[in-house]
Engineer: 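Below are the structure tokens for one structure; questions will follow.
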Amino acid sequence: MSTASDAPDDDLAELDVTDLDLVASLLRDVPDFPTPGIRFWDLTGLLADGPGLAATTRLLAAPAARTGVDVVVGIEARGFLLGAAVAHSLGVGVVAVRKEGKLPAVAARRTYDLEYGSATLELPADVLHPGTRVLLVDDVLATGGTAAAACQLVEGAGAVVAAFSVVLELPALEGGARLGGHDVHALLAR
Ligand SMILES: O=P(O)(O)OC[C@H]1O[C@H](OP(=O)(O)OP(=O)(O)O)[C@H](O)[C@@H]1O
Ligand SMILES: Nc1ncnc2[nH]cnc12
């Protein structure tokens, strides 16, 4: 079983080790999904576990205590589940950055590549404003294409990415390097 010492970020030393160990114990990796050669990290069991979801929410929300945020932005699709939980725990709202074609009013869109394909993200119109401080939330940071696109959308609206919280970083794919120096808080690395 993984332990909290797998956490990639020294900042996390102050976080609850019991919470981190619980999160690590509920992750599952699936070989060759969705395409051959991909080791897919599945958070279904973590999200379905009450104490696991609560621990994850506490850990992902932690950067907001240091930086202060006005709103959480969750990235489709698994970032919606985590983002809403984090926003609720912080007492702020949540904005869904969606895959192409789902929003009736779009502020901007970005197309990007990820580990197993390409996609386009869209930011809803009229929810982020100049100076709005955003906590971005997602489940996995792999190549960083998704997170970089989301950062560009937020900043294109004049808002500020105060921090990016993610459950799991895959450091071999060097996604952090694509985030232009943004503060990345990954709970675990694999
Ligand atoms: O760092 P990257 O290489 O960009 O990959 C990370 C993204 O990939 C997954 O989403 P996916 O696009 O599979 O969408 P889903 O959550 O809608 O299934 C994951 O939830 C991240 O958003
Ligand atoms: N290996 C992986 N597991 C889960 N989500 C991902 N998103 C991109 N790569 C991923």
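Values reported hereafter were calculated over all heavy atoms of this structure, with side chains retained and with hydrogens, waters and symmetry mates removed. Treat the numbers as computed from the prediction; the structure is a model and nothing was measured. Residues: numbered from 1 along the sequence shown.
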Engineer: Only counting residues at least two apart or in another chain, list the ones meeting salt bridge (Lys or Arg N to Asp or Glu O under 4.0 Å) with Asp29.
Structural biologist: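 With neighbours one apart ignored, the set is Arg39.
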Engineer: Would you tabulate the side-chain donor-acceptor contacts of residues 148-155 under 3.5 Å, counting partners in other chains and residues two or more places apart, or write 'none'?
Structural biologist:
unit_1: Gln152; atom_1: OE1; unit_2: Arg110; atom_2: NE; d: 2.8
unit_1: Gln152; atom_1: OE1; unit_2: Arg110; atom_2: NH2; d: 2.8
unit_1: Glu155; atom_1: OE2; unit_2: His182; atom_2: NE2; d: 2.8

Engineer: Do Val160 and Val72 belong to the same hydrophobic cluster, where Ile, Leu, Val, Met, Phe, Trp and Tyr are linked whenever their side-chain heavy atoms lie under 4.5 Å apart, directly or via other members?
Structural biologist: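 Cluster IDs for Val160 and Val72 differ.
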Engineer: Return the CG to CG distance between Leu136 and Leu60, rounded to the nearest 0.5 Å.
Structural biologist: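 Spacing of CG (Leu136) from CG (Leu60) equals 12.0 Å.
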Engineer: If you look at every heavy atom in Ser118 and Asp113, which pair is closest and at what distance?
Structural biologist: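 Looks like CB-OD1, 3.3 Å.
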Engineer: Quick one: closest heavy-atom pair of Pro124 and Val95, and the distance?
Structural biologist: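 Closest heavy-atom pair between Pro124 and Val95: CG-CG1, 3.8 Å.
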Engineer: Closest heavy-atom contact between Ala84 and Val94?
Structural biologist: N-CG2, 4.0 Å
Engineer: Apply the side-chain contact (heavy atoms from CB on, under 4.5 Å) test between Val167 and each candidate in Leu141, Leu82, Val137, Val140; give the one that qualifies.
Structural biologist: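 When side-chain contact (heavy atoms from CB on, under 4.5 Å) is applied between Val167 and each of Leu141, Leu82, Val137, Val140, only Leu82 qualifies.
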Engineer: Search all heavy atoms of Ala61 against all heavy atoms of Ser89 and return the closest pair with its distance.
Structural biologist: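 In this case the closest contact between Ala61 and Ser89 is CB-OG, 3.8 Å.
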Engineer: Hey, what do you get for CG (Leu187) to OG1 (Thr56), rounding to the nearest 0.5 Å?
Structural biologist: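 The CG atom of Leu187 sits 7.0 Å away from the OG1 atom of Thr56.
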Engineer: Looking at residues at least two apart in the chain, or sitting in another chain, which of them share a side chain to side chain donor-acceptor pair (under 3.5 Å) with Thr111?
Structural biologist: Thr120
Engineer: Is it true that, when you exclude Asp32 itself, more than 12 heavy atoms of the residues, nucleotides or ligands shown sit nearer than 6.0 Å to its CG?
Structural biologist: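 Counting other residues, nucleotides and ligands, CG of Asp32 exceeds 12 neighbours.
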Engineer: Hey, could you give me each pair passing ring pair (Phe, Tyr, Trp, His ring centres under 6.0 Å) that has a residue in residues 102-158? Not counting sequence neighbours.
Structural biologist: none
Engineer: Output all residues satisfying salt bridge (Lys or Arg N to Asp or Glu O under 4.0 Å) with Glu122, sequence neighbours left out; order by chain, then residue number.
Structural biologist: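 For Glu122, the residues satisfying salt bridge (Lys or Arg N to Asp or Glu O under 4.0 Å) (neighbours in sequence not counted) are Arg109.
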Engineer: Using a 3.5 Å cut-off and no angle test, enumerate the donor-acceptor pairs between side-chain atoms of residues 42-54 and protein atoms at least two apart in sequence or in another chain.
Structural biologist:
unit_1: Asp42; atom_1: OD1; unit_2: Thr44; atom_2: N; d: 3.1
unit_1: Asp42; atom_1: OD1; unit_2: Thr44; atom_2: OG1; d: 2.6
unit_1: Asp42; atom_1: OD2; unit_2: Arg28; atom_2: NE; d: 3.3
unit_1: Asp42; atom_1: OD2; unit_2: Arg28; atom_2: NH2; d: 2.9
unit_1: Asp49; atom_1: OD1; unit_2: Gly52; atom_2: N; d: 2.7

Engineer: Hey, does Val92 have a side-chain heavy atom less than 4.5 Å from the side chain of Leu135?
Structural biologist: no
Engineer: Walk me through whether Glu100 and Leu121 qualify under side chain to side chain contact (heavy atoms under 4.5 Å, CB included).
Structural biologist: CA-CA 6 Å; Glu100 188 173 33; Leu121 284 180; over 6 Å; no
Engineer: Please list all pairs meeting side-chain hydrogen bond (donor to acceptor under 3.5 Å, both in side chains) that have one or both residues in residues 130-146, counting only residues at least two apart or in different chains.
Structural biologist: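 Qualifying pairs, neighbours excluded: Arg78-Asp139.
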Engineer: Write down the atom of Leu123, the atom of Ala157, and the distance for their closest heavy-atom approach.
Structural biologist: CD2-CB, 4.0 Å
Engineer: Taking ring pair (Phe, Tyr, Trp, His ring centres under 6.0 Å) as the test, write out the residues that go with Phe40, two or more places apart.
Structural biologist: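 So Phe40 forms a ring pair (Phe, Tyr, Trp, His ring centres under 6.0 Å) with Phe33.
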Engineer: Search all heavy atoms of His185 against all heavy atoms of Ala163 and return the closest pair with its distance.
Structural biologist: CD2-CB, 4.1 Å
Engineer: Could you list who else is in Leu103's hydrophobic cluster, with ILVMFWY side chains joined at under 4.5 Å, directly or through other members?
Structural biologist: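 Members other than Leu103 - counting any ILVMFWY side chain reachable under 4.5 Å - are Val106.
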Engineer: Which residues end up grouped with Phe80 if you chain together Ile, Leu, Val, Met, Phe, Trp and Tyr wherever their side-chain heavy atoms are less than 4.5 Å apart?
Structural biologist: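 Phe80 shares its hydrophobic cluster with no other residue.
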Engineer: With sequence neighbours excluded, what pairs up with Arg98 under the side chain to side chain donor-acceptor pair (under 3.5 Å) test?
Structural biologist: Glu76
Engineer: List the residues meeting salt bridge (Lys or Arg N to Asp or Glu O under 4.0 Å) with Asp19, not counting sequence neighbours, and say none if there are none.
Structural biologist: Arg58
Engineer: List the steps, then state whether side chain to side chain contact (heavy atoms under 4.5 Å, CB included) holds for Glu115 with Leu170.
Structural biologist: CA-CA 11 Å; Glu115 216 186 342; Leu170 308 181; 4.1 Å; yes
